[in-house]
Enquirer: 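I am attaching a structure below and will ask some questions about it afterwards.
Counting starts at 1 for both ligands and their atoms, following the listed order.
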Amino acid sequence: MRKSVVAIVGRPNVGKSTIFNRLVGERISIVEDTPGVTRDRIYAEAEWLTTNFNLIDTGGIELGDEPLLVQMRAQAQVAIDEADVIVFMVNGRDGITGADEEVANLLFRSNKPVVLGVNKVDNPEMRENIYEFYSLGFGEPFPISGTHGLGLGDMLDEVIKHFPEREQEMEDDETIRFSLIGRPNVGKSSLVNSLLGQERVIASEIPGTTRDAIDTPFTKDDQDYVIIDTAGMRKRGKVYESTERYSIMRALKAIERSDVVLTLIDADTGIQEQDKKIAGYAHEAGKAVVIVVNKWDTMEVEEKTMKEFEDKIRDNFRFLDYAPIVYLSAKTKKRIHTLLPRVLEASENHAKRVQTNVLNDVIMDALAMNPAPSIKGQKLKIFYASQVSVKPPTFVVFVNEPELMHFTYERFLENRIRDAFGFEGTPIKIFARRRS
Ligand code: GDP
Ligand code: GDP
């Protein structure tokens with residue numbers, strides 16, 4: 001199910017990043033501990049009560065040396081285009097400034113729900129300051145303090161009230177949702193066009209409308225698919241669309257809503273550092289992944305090059321060792337028929353449940369064949385294992401002492417599980433828990 005998206009907008013220094021970091025809590029720093037993978041600081045998951053949503057700090061989208069006003073307009077536009085609810089943040093110590101009014105005017109015309117947060121209201125005496133903000137025309141102003149963490153609950157209650165209903169999307173789980181990510185010019189739009197079998201422009205939008213995402217459904221061999229729109233596929237010509245942060249943010253947003261992520265690589269230019277970073281996002285999110293080497297028409301001798309390319313990919317994307325690789329040309333459509341079967345298979349594996357008794361046979365056989373090495377004289381005992389969830393398949397192994405489950409042993413168990421059940425295309429997760 002798609003999560004709602006909340007964007008924070010406001011002129012510089014009102015406290016957007018402070019509030020963002022507070023709402024996102026520790027999640028960002030935890031994620032950044034994963035070697036080689038960092039989430040962008042302007043887009044992250046947040047939680048209020050039992051509701052999860054995604055949060056954007058539009059202040060992080062900067063346009064080089066453009067004047068302040070241009071920057072602010074672009075940031076407000078990102079919020080209008082990407083968010084379900086906008087938090088418009090002002091500074092309770094400064095009163096309303098001309099720049100606040102500029103932002104207000106843009107938001108006013110957008111028809112998106114706007115919640116007004118008056119920040120830097122650090123103590124109750126300062127609450128008087130909020131009344132003048134009624135004149136901005138967004139209803140009740142919510143006094144908050146980013147540094148002290150005050151008033152955020154009341155403001156979030158209001159934000160959540162405006163989340164759209166999502167029931168319809170929950171029903172059609174037979175549909176496979178996938179997105180295409182990759183550096184600019186790897187051929188994302190071209191591949192979408194080839195898959196859809198016609199030269200159609202994805203971004204056939206009427207200027208000024210604020211549709212959130214342009215998802216394209218299609219059916220192939222009786223299977224329904226939806227292509228989730230990513231930045232770089234739509235090319236609408238807005239100033240901020242060329243910024244790297246915006247395209248990362250769009251990619252994260254698209255990944256979030258996908259079952260399967262196609263990570264594109266350009267055969268012509270070869271693997272680059274940025275490719276690894278982008279592929280890391282898909283892996284991190286626990287989605288099924290298919291690696292697509294596009295522009296295969298530019299390569300000379302087929303079979304030999306394919307093997308060489310595969311070695312390079314496996315070497316550079318070790319964390320994606322489960323992802324199948326497809327070589328194709330979006331332009332000439334060569335080998336393009338090989339793609340969807342892989343997407344389907346990856347999606348099925350991502351949602352696969354295995355039988356508990358068979359799982360336990362596999363684990364016990366693995367244990368008999370290769371007992372866990374002792375750590376400080378203590379030996380790992382495995383009692384039983386169980387699959388606790390899907391998307392991605394997640395297993396809990398009940399043991400005498402979780403600390404005795406070394407990373408390399410976990411990896412060994414993962415490989416045994418993969419050999420037995422075939423989880424090609426999907427990450428799997430294994431947790432050791434103490435048997436209580
Ligand atoms: P942004 O440019 O809107 O993202 O603003 P920042 O989050 O970078 O904050 C700008 C400055 O305001 C920083 O020095 C913060 O420490 C300060 N600040 C943020 N929130 C509060 C608050 O609630 N009270 C006070 N007194 N200062 C704050
Ligand atoms: P995007 O930025 O990832 O959406 O990339 P585009 O789809 O706009 O493609 C970028 C450029 O690569 C365009 O000039 C395409 O014509 C070209 N291109 C895309 N796919 C292929 C391909 O399979 N082979 C070749 N030779 N060129 C391609």
Enquirer: Assign the ring pair Y131 / Y134 to parallel, tilted or perpendicular, where the plane angle (0 to 90°) is split at 30° and 60°.
Expert: parallel
Enquirer: Which residue supplies the protein heavy atom nearest to atom 2 (O) of ligand 1, what is that atom called, and how far is it?
Expert: N13 N, 2.8 Å
Enquirer: Check each heavy atom of D297 against ligand 2 and say whether those closer than 4.0 Å belong to the side chain, the backbone, both or neither.
Expert: side chain
Enquirer: I'd like to check which ligand 1 atoms, numbered from 1 as shown, lie under 4.0 Å from a non-hydrogen atom of K16.
Expert: 1 (P), 2 (O), 3 (O), 4 (O), 5 (O), 7 (O)
Enquirer: Checking K220 against Y225: charged group under 6.0 Å from the ring centre and within 45 degrees of the axis?
Expert: no
Enquirer: Would you mind running through ligand 1 and noting each atom that sits below 4.0 Å from a heavy atom of S145?
Expert: 23 (O)
Enquirer: Could you tell me, atom by atom, which parts of ligand 1 come under 4.0 Å of a heavy atom of R93?
Expert: 26 (N)
Enquirer: Can you report which non-hydrogen protein atom sits closest to atom 23 (O) of ligand 1, along with the distance?
Expert: G146 N, 2.7 Å
Enquirer: For the pair K295 and D266, find out whether any cationic side-chain nitrogen is under 4.0 Å from an anionic carboxylate oxygen.
Expert: yes
Enquirer: Indicate yes or no: does an N/O atom of S329 lie under 3.5 Å from an N/O atom of ligand 2?
Expert: yes
Enquirer: For ligand 2, which atoms have a heavy atom of T298 less than 4.0 angstrom away?
Expert: 26 (N)
Enquirer: Counting only heavy atoms from other residues, nucleotides and ligands, does the tally under 6.0 Å from CZ of R127 exceed 12?
Expert: no
Enquirer: I want to confirm something. Looking only at heavy atoms, which of K331, M299, K334 is nearest to atom 25 (C) of ligand 2?
Expert: K331
Enquirer: Answer yes if the side chains of N54 and K253 hold a donor-acceptor pair under 3.5 Å, and no otherwise.
Expert: no
Enquirer: Write out the residue and atom name of the closest protein heavy atom to atom 21 (C) of ligand 1, then the distance separating them to 0.1 Å.
Expert: T147 OG1, 3.4 Å
Enquirer: For atom 17 (C) of ligand 1, what's the nearest protein heavy-atom neighbour? Residue, atom name and distance, please.
Expert: K120 NZ, 3.8 Å
Enquirer: With only distance considered, is P12 within less than 3.5 Å of ligand 1 through an N or O on each side?
Expert: no
Enquirer: What closest approach, in Å, do P393 and H350 show between heavy atoms, and which atom pair accounts for it?
Expert: CD-O, 3.4 Å
Enquirer: Which of the numbered atoms in ligand 1 are under 4.0 angstrom from any heavy atom belonging to N119?
Expert: 19 (C), 20 (N), 21 (C), 23 (O)
Enquirer: Checking a contact table here: which protein heavy atom is nearest atom 5 (O) of ligand 1, and how many Å away?
Expert: G15 N, 3.1 Å
Enquirer: Scan the protein's non-hydrogen atoms and note whether one is under 4.0 Å from atom 13 (C) of ligand 1.
Expert: no
Enquirer: Decide if atom CD of E403 counts as having more than 12 heavy atoms of other residues, nucleotides or ligands within a radius under 6.0 Å.
Expert: no
Enquirer: Return the option from S190, A267, S194, G182 holding the heavy atom at the smallest distance from atom 9 (O) of ligand 2.
Expert: S190
Enquirer: A quick test of your reading: do over 12 heavy atoms of other residues, nucleotides or ligands sit less than 6.0 Å from CG of D315?
Expert: yes
Enquirer: Less than 4.0 angstrom from a charged side-chain N to a carboxylate O is my criterion; do E310 and K307 meet it?
Expert: no
Enquirer: To which of P184, S189, A330 does the heavy atom nearest atom 4 (O) of ligand 2 belong?
Expert: S189
Enquirer: Is a donor on one side and an acceptor on the other found under 3.5 Å between the side chain of D215 and the backbone of I228?
Expert: no
Enquirer: Please write down residue, atom name and distance for the protein heavy atom closest to atom 26 (N) of ligand 1.
Expert: D122 OD2, 2.7 Å
Enquirer: Do F163 and W48 have their ring centres less than 6.0 Å from each other?
Expert: no
Enquirer: Can you pull out the closest protein heavy atom to atom 19 (C) of ligand 1? Residue, atom name and distance to 0.1 Å, please.
Expert: T18 OG1, 3.3 Å
Enquirer: Can an N or O of K188 be found at a distance shorter than 3.5 Å from an N or O of ligand 2?
Expert: yes
Enquirer: Is atom CZ of R433 surrounded by more than 12 heavy atoms (other residues, nucleotides or ligands) closer than 6.0 Å?
Expert: no
